[in-house]
Amino acid sequence: MPDEPDYERLFAWLLPAMWAGAQVFLFVLRLRFPPCPLRTLTGIPCPGCGGTRATLALAAGDVGRAFVLNPGWALACVASVIVWIYALGVVFFKLPRFRDDAGKLAGARLPVIFTGALLANWFWVFYCHRFL
């Protein structure tokens, strides 16, 4: 459709820009991420705890450790790379765009599936971080 945003072009540039920003943040400025506020206040890890370590493990090629540290975050990183490859194919090689209504794809079950996956990830992080 001519009126809709060009999501593929946006994402084709967004992921490399985020990667470059992380490189500057971590290695040029030598900054560290602040501690998790939920874990600091309550001692309970949030669903994102271990995400930075999972990303670094993925970058080092240690996929198993990344999924142990935070499976939801590791899966999101892998999915982001897959979507980025798709976006590059659409932008540079003029591959067909994928368009579908969320209603057709998952319907009203999508929020339930997302909530269930988030809770399952949180349980995993809570269980694993007691031993890490």
Q: Quick one: name the residues clustered hydrophobically with Ile82, using the 4.5 Å side-chain heavy-atom rule over I, L, V, M, F, W, Y, and just say none if it's on its own.
A: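 Listed partners: Leu58, Val63, Phe67, Leu75, Val78.
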
Q: side-chain hydrogen bond (donor to acceptor under 3.5 Å, both in side chains): which pairs involve residues 11-27, sequence neighbours left out?
A: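 Applying side-chain hydrogen bond (donor to acceptor under 3.5 Å, both in side chains) to every pair that reaches into residues 11-27, excluding sequence neighbours, yields nothing.
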
Q: Identify the heavy atoms of Leu118 and Pro47 that sit nearest to each other, and give their distance.
A: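 Looks like CD1-CB, 3.8 Å.
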
Q: Under the rule for side-chain hydrogen bond (donor to acceptor under 3.5 Å, both in side chains), what residues qualify as partners of Asp6, not counting sequence neighbours?
A: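 So Asp6 forms a side-chain hydrogen bond (donor to acceptor under 3.5 Å, both in side chains) with Arg9, Arg97.
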
Q: Please find the pair of heavy atoms, one from Pro35 and one from Thr40, that lie closest to each other, and give the distance.
A: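 Here Pro35 and Thr40 meet closest at CB-OG1, 3.7 Å.
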
Q: Would you give the length of the straight line joining atom CG of Asn70 to atom CZ of Arg65, rounded to the nearest 0.5 angstrom?
A: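 One finds 12.0 Å between CG of Asn70 and CZ of Arg65.
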
Q: Do the ring planes of Tyr127 and Phe123 sit parallel (below 30°), tilted (30 to 60°) or perpendicular (above 60°)?
A: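 Rings of Tyr127 and Phe123: parallel, under 30°.
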
Q: Sequence neighbours excluded, which residues qualify as ring-ring contact (aromatic ring centres under 6.0 Å, His included) partners of Phe25?
A: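 Testing Phe25 for ring-ring contact (aromatic ring centres under 6.0 Å, His included), a comparison that skips the adjacent residues, returns Phe33.
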
Q: Can you name the residues that form a side-chain contact (heavy atoms from CB on, under 4.5 Å) with Ile44, not counting sequence neighbours?
A: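 Ile44: side-chain contact (heavy atoms from CB on, under 4.5 Å) contacts with Thr42, Trp122, Phe126.
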
Q: Can you name the residues that form a side-chain contact (heavy atoms from CB on, under 4.5 Å) with Leu41, not counting sequence neighbours?
A: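 Per chain and number, Leu41 pairs via side-chain contact (heavy atoms from CB on, under 4.5 Å) with no residue.
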
Q: Residues two or more places apart in sequence or in another chain: which of them pass side-chain contact (heavy atoms from CB on, under 4.5 Å) with Thr115?
A: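 Result, side-chain contact (heavy atoms from CB on, under 4.5 Å) vs Thr115: Leu119.
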
Q: Who pairs with Thr55 by side-chain hydrogen bond (donor to acceptor under 3.5 Å, both in side chains), at least two apart in sequence or on another chain?
A: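 Partners of Thr55 by the side-chain hydrogen bond (donor to acceptor under 3.5 Å, both in side chains) criterion, ordered by chain and then number, come out as Trp73.
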
Q: If you round to the nearest 0.5 Å, how far is CD1 of Ile85 from OG of Ser80?
A: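 Reported value, rounded in 0.5 Å steps: 11.0 Å.
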
Q: Kindly give the heavy-atom pair with the smallest separation between Pro45 and Val125, and that separation in Å.
A: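 Heavy-atom minimum between the residues: CB-CG1, 4.0 Å.
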
Q: Check Pro71 against Trp124 and note the closest heavy-atom contact, atom names and distance.
A: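 In terms of heavy atoms, the two residues are closest at CD-CD1, 3.0 Å.
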
Q: Just by distance, do the side chain of Trp84 and the backbone of Ala12 share a donor-acceptor pair under 3.5 Å?
A: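 Confirmed, Trp84 side chain pairs with Ala12 backbone.
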
Q: Can you list the residues that meet the side-chain contact (heavy atoms from CB on, under 4.5 Å) rule with Val24, with sequence neighbours excluded?
A: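 Scan of Val24 (side-chain contact (heavy atoms from CB on, under 4.5 Å), adjacent residues dropped) gives Val28, Leu29.
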
Q: Return a table of donor-acceptor pairs under 3.5 angstrom between the side chains of residues 86-95 and protein atoms on other chains or two or more places apart.
A:
from	atom 1	to	atom 2	distance (Å)
Tyr86	OH	Glu8	OE2	2.8
Tyr86	OH	Phe98	N	2.9
Lys94	NZ	Val91	O	3.3

Q: To check you understand the geometry: which heavy-atom pair defines the closest contact between Cys49 and Cys36, and what is its length?
A: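 Heavy-atom minimum between the residues: SG-SG, 3.6 Å.
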
